[in-house]
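Report on the structure given below.
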Amino acid sequence: MTWQQSLVLGLLATLIVLLIQGKLRPALLFSGAVLVTYLSGLADINAVVGGYTNSSLLTLVLLLLVSLAVEKTRIMSWFANQVGTGSFNKVLVKVWFSTAFLSALVNNTAVVASMLGAVKRNPNHAPSRLLLPMCFAATFGGVLTLIGTSTNLIVNSFLEKMGAEPLGMFDFFMVGAGTLVTGLVAVLLFARRLPEQDTEIDRSSGYFLEAKVSEGSLMAGRSVKENGLRSLKSLYLAEIIRGDQVICPVQPEHELHEGDMLLFCGDVESVGVLQEMKGLDLYGQHRLNGQHLVEVIVSHSSRLVGQTIKDAEFRTHFDAVVLAVRRGETQLTGGLGQIELHAGDTLLLAPGPKFAGNKSLSREFVVVSGLEASTRLDGKRSAAVVVGFLGVLALSVFDLVPLFKGLLIMLVALLLTRVLTLDEIRRRFPLEIWLVVGGALAIADQLERTGLARVIADFLMGEFNGASPLVAFIGIYFFTLVLTELMSNNAAAALAFPMGYQLALSMDVSTMPFILAVLFGASSSFLLPYGYQTNLMVYAAGNYRMPDYLKLALPVSIAYSIGVLIMVPLLFPF
């Protein structure tokens with residue numbers, strides 16, 4: 001083995017060990033490995049830069065940026081609200097397929113985040129029995145199309161780097177559809193074993209929000225319970241103000257009237273939840289249209305101290321709408337506009353275009369920070385974003401406009417129409433993914449250049465001596481599955497792909513089954529709640545414990561693997 005091969009092998013082994021330990025961020029590890037190859041003279045500057053400018057990687061970055069606008073639309077929450085009625089099995093099936101369909105087109109994390117609130121509000125079935133199936137459905141949906149998850153595009157990046165034919169949008173759709181069915185069977189059999197958990201928030205804390213029952217609202221004449229307002233898990237109805245009458249505490253049988261002012265206590269995501277409730281007008285709703293939310297803390301020296309939000313003419317002075325107020329552990333009462341502001345109050349704002357340039361911000365507020373949440377776009381703009389996104393995908397599928405060019409045009413349009421802002425893009429830019437994938441591509445290039453990939457393939461050939469390609473395919477799949485449970489799915493794909501691809505070449509069989517073994521194996525993060533961000537999101541939201549989580553995660557992981565191991569060899573012979 002040459003010194004170049006030894007160096008790359010040492011880097012690879014070190015990467016695997018450090019990624020499994022999880023003490024350092026993957027972006028730092030991959031970037032450091034690339035730096036070592038450059039400083040040692042192993043790679044020149046063109047080889048290093050080439051990994052970070054790969055066309056599939058740049059397409060992935062654009063896709064994630066455009067998905068920020070899709071997150072602001074109402075389509076995902078609309079889907080969630082449509083699937084909430086019926087028997088438990090019927091709701092489960094509707095949640096499963098609707099989540100998978102959305103996840104096939106939009107980033108998994110955005111789908112789960114958008115549907116989380118609507119699923120938690122389900123008045124008929126325990127959210128803890130729906131949240132985990134919804135999360136797993138997003139993972140299954142991600143492997144239906146090329147753009148369903150970032151891992152698919154990463155694998156495609158490696159194919160382009162190898163000079164092979166890139167994957168098409170629906171090349172592995174039938175395999176994904178097969179796993180979707182096997183997964184549904186597991187969910188239907190085991191979801192009832194999940195506990196009924198209480199996921200309500202602490203009623204003495206959180207943001208104070210206001211909404212009004214609009215004229216002609218279908219909520220009027222129905223009780224609080226009938227309107228589903230008692231089953232809000234991240235939002236607590238604290239008071240009803242009806243003229244001079246204050247109803248507190250609110251009972252399930254209390255009937256709502258037109259013009260009632262409803263006062264809630266909730267988290268940041270509650271803004272989007274209230275925006276989407278038909279028949280309710282959120283405070284300041286007519287001025288909301290997809291703005292990124294900002295959190296500010298009122299300074300001791302602020303002129304706002306002692307004034308109400310209404311008297312302070314907040315929007316006129318700051319070009320921002322106050323959506324909610326939080327005052328430590330104190331539960332506020334009365335209308336939002338009538339709250340007298342104190343030093344230290346936290347305000348949740350939907351800023352206008354002039355807000356950031358206001359010179360008095362540093363004097364009036366101690367802290368100004370952006371949040372990873374936005375208000376929802378109105379109906380027209382939501383429709384325009386969804387139609388535009390689907391149009392870009394359709395043009396790409398029919399080879400009329402390359403996906404990269406279509407996404408770039410759409411991103412520019414989103415910026416010009418202020419659906420997205422440069423500040424949002426700066427803060428939500430997927431730098432971690434770009435560094436991990438770019439670094440992985442550069443390392444993979446060194447595996448090829450030094451001949452180490454061939455050495456590894458020959459070693460694997462020796463281990464699989466006399467074994468059929470099917471056995472080798474199963475081995476690569478489970479190798480990738482174990483990696484993705486121990487580290488990020490993107491890192492697992494980056495490490496497993498060169499080995500699987502070279503093994504197929506060494507065995508002189510079709511590379512497609514091995515490519516799909518890595519692609520599907522890298523998306524099989526089910527067993528650990530910390531293995532994938534969407535797992536962690538619902539783990540916290542559903543108040544699950546590890547034994548509860550495994551009651552569904554283990555059978556779903558087995559069902560997924562059965563689907564992959566049957567469908568791939570069946571549809572893509574060796």
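Model, not experiment: these values are computed from the prediction.
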Given 3.5 Å as the limit, does a donor-acceptor pair link the side chain of W96 with the main chain of L180, or not? yes
Determine whether L435 and F30 make a side-chain contact, defined as any pair of heavy atoms from C-beta on separated by less than 4.5 Å. no
For the side chain of W434 and the backbone of Y52, is there at least one donor-acceptor N/O pair under 3.5 Å apart? yes
Taking all non-hydrogen atoms of both residues into account, name the closest pair between P569 and F473 and its distance. CG-CE2, 3.8 Å
Tightest non-hydrogen contact, residues L167 and L146, listed as O-CD2, 3.5 Å
List the atom of L527, the atom of A553, and the distance in Å for their closest heavy-atom pair. CD2-O, 4.0 Å
Would you name the heavy atoms of V187 and L552 that are closest together and state the gap between them? CA-CD1, 4.0 Å
Donor-acceptor check, side chain of R129 to backbone of A191, threshold 3.5 angstrom: yes or no? no
Show, in sequence, the C-alpha distance, side-chain angles and deciding distance for F574 and M507, and conclude whether the side chain to side chain contact (heavy atoms under 4.5 Å, CB included) test is met. CA-CA 10 Å; F574 297 100; M507 299 184 80; over 6 Å; no
If you apply the rule side chain to side chain contact (heavy atoms under 4.5 Å, CB included), what do you find for Y544 with L131, and how did you get there? CA-CA 10 Å; Y544 297 109; L131 287 172; 3.6 Å; yes
Using 0.5 Å steps for rounding, measure from the CG atom of L571 to the CZ atom of F172. 13.0 Å
Do S525 and T139 come close enough that some side-chain heavy atom pair is under 4.5 Å? no
Would you check if the side chain of S98 reaches a backbone N or O of K94 as a donor-acceptor pair within less than 3.5 Å? yes
For residues V556 and F190, determine if any side-chain heavy atom of one lies less than 4.5 Å from a side-chain heavy atom of the other. no
Side chains of F389 and L63: does their closest heavy-atom pair fall under 4.5 Å? yes
Parallel under 30°, tilted from 30 to 60°, perpendicular over 60°: which one fits the rings of Y501 and F497? parallel
Measuring from E160:CD to E165:CD, what's the distance to the nearest 0.5 Å? 9.5 Å
For a 4.5 angstrom cut-off between non-hydrogen side-chain atoms, does L519 reach T151? no
Kindly indicate whether the side chain of L188, heavy atoms from C-beta on, has any atom under 4.5 Å from the side chain of V93. yes
I want to check something: taking the side chain as every heavy atom from C-beta on, are F140 and T99 in contact at a cut-off of under 4.5 Å? no
Rounded to the nearest 0.5 angstrom, the CG-CG distance for L420 and L65 is 8.0 Å
Under the 3.5 angstrom rule, does the side chain of S103 hit a backbone N or O of A138 as a donor-acceptor pair? yes
What distance separates Y207 OH from E295 CD, expressed to the nearest 0.5 Å? 3.0 Å
CZ/R193: more than 12 non-hydrogen atoms of other groups inside 6.0 Å: no
Do you know which two heavy atoms are closest between L144 and A100, and how far apart they sit? CD1-O, 4.1 Å
Atom pair OG1/CE of T182 and M567 - distance to nearest 0.5 Å: 9.0 Å
Spell out, as yes or no, whether a donor-acceptor pair under 3.5 Å connects the side chain of S31 to the backbone of L28. no
Can you run down the side-chain hydrogen bond (donor to acceptor under 3.5 Å, both in side chains) pairs that involve residues 554-574, sequence neighbours left out, and say none if there aren't any? Y477-S561
In short, D171 meets P166 closest at the heavy-atom pair OD2-O, 4.5 Å
Just by modelled atom types, is the A522 backbone N or O under 3.5 Å from a matching donor or acceptor in the T484 side chain? yes
Is N156 close to N152 at the side-chain level, that is, under 4.5 Å between some pair of heavy atoms? no
Run F478 and L565 through side chain to side chain contact (heavy atoms under 4.5 Å, CB included) and show every step you take. CA-CA 10 Å; F478 281 109; L565 297 178; 3.8 Å; yes
Could you tell me the separation between the CG atom of D548 and the CG atom of L132, rounded to the nearest 0.5 Å? 10.0 Å
